[in-house]
Amino acid sequence: MNKNLIALAVAAATFSGAASAATVYSDDTSSLAIGGRVEARAQGLNGNINDTSRVRLNIDANTKINDDLTAIGFWEREFKTQEATTADYDNDYNEADGETSYNRYLYVGVKSNTYGQIVYGKADGSLGMLTDFTDIMEYYGNEAGNKIAASDRTSNNLAYTGIFGGLTVKANYVANGKADESDVNTTGFSTAAKYDFNNGLAMGVGYGQQKNQDTNYKQNLDANQTFASVSYTMGDLYVAGLYQYARNVGYLYSTADTTNTDYQGFSLASSYTINKVVLRSTYNFMENTDSNNKMANALDFDATYFFTSNFRAYAGYTINLLDKANAEKISGTATPAAYLYDDQFALGARYDF
């Protein structure tokens, strides 16, 4: 298996089916492709083994309108082996909590070869492009990449993406509004830019804000966050860093917390490819700048063996460096404290189609 195939498979870790979707229909103007993944996963914590296996299925359709414009539609749904709980402590545990299946994406839009694409529905916000610099692990990682809803993958989202040479720009607006006067308005937006210098170096910066983020705990407090990312690739070695400064992003789970709270943190990531093996590690740190209480402090490792570009097996381990006192301050009902200060491991096998 050559290095280009491994690089493609690693890049596909953040977009299910991107490397191997199969075209099931095609003519002069339209095409339809089906893809996804089947992933068996076991997570170990406190002597218990949790089955967090999942399946993702997606449909990607497009129809040519003219020489410049194409109509596009994309849908992806995730199915789990059991009702999602905090045992599903990976990058999707918040969104899928309490559900055995849910839509990850569902959007329709128009793509221009000249001006970029615009879509509406459940789609990515703008700041995920920056957290992808360091969110490279198979299972754990990204503890300092917490994003407000308007900056993350969310519904009711009008999103633009433009690629102009080495420059990628994104902007999105989430018009949640409110159904009546008793509801909370959670309207927000985010924007980001990334530049690939074509010499191994890439950099990005972005900003997002939203009304009444995390409304169960922080009524009437608006959230905002700023990200900056940088990465460098040299042969088989990849290194990256992410910095975040944020206000009211939802790390504290206290019903009595009605004052503005500022946070800052960073993530460091590295990856090294040895033939068919990819070794990755990340370190994530986040703290409340007002109280100096740590919100995240974790060291993550994983190793992945690519049998082919479609099939891989992996093992991961996370060392949680938070002490029990810090963990209990931010645990609440969403995440038991043990999941924030105990070490964990994961084993998995993934087939992409």
Side-chain angles (χ1 to χ4, degrees), residues 1-20 36-56 81 87-93 131-145 200 229 231-242 266-285 296-322 339-353:
M1 180 179 176
N2 60 44
K3 294 177 182 177
N4 290 334
L5 286 177
I6 291 181
L8 181 62
V10 173
T14 59
F15 189 76
S16 174
S20 55
R37 69 170 72 166
V38 178
E39 190 172 7
R41 309 186 303 173
Q43 179 209 45
L45 174 67
N46 284 335
N48 297 316
I49 303 296
N50 302 303
D51 184 351
T52 61
S53 300
R54 62 188 179 183
V55 174
R56 290 179 182 174
T81 56
D88 250 337
Y89 191 52
D90 64 359
N91 294 335
D92 292 323
Y93 82 97
T131 58
D132 284 347
F133 277 57
T134 55
D135 185 13
I136 63 174
M137 310 290 284
E138 295 283 3
Y139 195 99
Y140 296 110
N142 201 38
E143 292 89 355
S229 297
S231 68
Y232 185 72
T233 303
M234 183 175 62
D236 295 320
L237 176 66
Y238 172 85
V239 292
L242 168 77
F266 63 90
S267 177
L268 302 174
S270 66
S271 174
Y272 189 72
T273 301
I274 308 171
N275 296 322
K276 294 185 178 183
V277 176
V278 179
L279 305 175
R280 305 182 186 91
S281 64
T282 62
Y283 174 69
N284 289 265
F285 179 85
N297 192 13
L299 187 60
D300 310 295
F301 303 92
D302 71 28
T304 305
Y305 185 84
F306 288 87
F307 295 88
T308 70
S309 60
N310 300 78
F311 180 63
R312 73 189 73 174
Y314 59 84
Y317 194 87
T318 185
I319 302 173
N320 283 310
L321 301 174
L322 285 178
Y339 284 83
L340 298 170
Y341 68 81
D342 279 356
D343 295 349
Q344 305 175 45
F345 71 87
L347 299 174
R350 170 177 158 183
Y351 180 80
D352 293 279
F353 59 91

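Small disclaimer: the values here were computed from a predicted structure and weren't measured. Hydrogens, waters and symmetry mates play no part in the numbers below; they use all other heavy atoms, side chains included.
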**Item:** Criterion side-chain hydrogen bond (donor to acceptor under 3.5 Å, both in side chains) on Asn50 and Thr52, from CA distance to verdict
**Value:** CA-CA 6 Å; Asn50 302 303; Thr52 61; over 6 Å; no

**Request:** Could you walk me through whether Thr304 and Arg280 pass the side-chain hydrogen bond (donor to acceptor under 3.5 Å, both in side chains) test, one step at a time?
**Result:** CA-CA 8 Å; Thr304 305; Arg280 305 182 186 91; 3.0 Å; yes

**Message:** For a side chain to side chain contact (heavy atoms under 4.5 Å, CB included) check, start with the C-alpha distance between Val278 and Phe306, then their side-chain angles and the critical distance, and finish with the verdict.
**Reply:** CA-CA 8 Å; Val278 179; Phe306 288 87; 3.5 Å; yes

**Intermediate values then yes/no, side chain to side chain contact (heavy atoms under 4.5 Å, CB included), Phe353 and Val38** = CA-CA 8 Å; Phe353 59 91; Val38 178; 4.1 Å; yes

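With a 4.5 Å cut-off on side-chain heavy atoms, Tyr238 and Ser231 count as touching. Looking only at side-chain heavy atoms (C-beta outward), Leu45 and Asp342 come within less than 4.5 Å of each other. Side chains of Leu347 and Tyr314 form no contact here, defined as non-hydrogen atoms less than 4.5 Å apart.
Shortest non-hydrogen contact noted between Gly145 and Leu242 is CA-CD2, 4.4 Å. Closest heavy-atom contact between Thr318 and Ala298: OG1-CB, 4.2 Å. Scanning both residues, Ala144 and Asn284, for their nearest heavy atoms gives N-OD1, 3.2 Å. Nearest heavy atoms, Ile49 versus Ala42: CG2-CB, 4.0 Å. Nearest heavy atom pair, residue Gln43 against residue Tyr140, reads CG-OH, 3.4 Å. Pairing each heavy atom of Ala303 with each of Leu279, the nearest pair is CB-CD2, 3.7 Å.
In this structure, CG on Asp343 lies 6.0 Å from CG on Asn320, to the nearest 0.5 angstrom. Here the CZ atom belonging to Phe133 is positioned 5.0 Å from the OG atom belonging to Ser229, to the nearest 0.5 angstrom. Taking CD1 of Ile136 as the reference point, atom OG of Ser281 lies at 7.0 Å (rounded to 0.5 Å). Separation of atoms CZ (Arg312) and NZ (Lys276) is listed at 14.0 Å; rounding is to 0.5 Å. Distance check: Leu237 CG to Tyr232 OH gives 9.5 Å after rounding to the nearest 0.5 Å. To the nearest 0.5 angstrom, Ile319 atom CD1 is 12.0 Å from Gln344 atom CD.
Not one N or O on the side chain of Asp135 forms a donor-acceptor pair closer than 3.5 Å with the backbone of Asn142.
Between Tyr305 and Phe307, the ring planes lie perpendicular to each other; the angle is over 60°, past the 30° to 60° tilted range.
Salt bridge Glu138/Arg41: absent, no basic N to carboxylate O contact under 4.0 Å.
Listed by chain and number, the residues in a salt bridge (charged side-chain N to carboxylate O under 4.0 Å, His left out) with Asp300 amount to none (sequence neighbours excluded). Residues satisfying the side chain to side chain contact (heavy atoms under 4.5 Å, CB included) criterion with Tyr283, sequence neighbours excluded, are Phe266, Phe285, Asn297, Leu299, Leu321.
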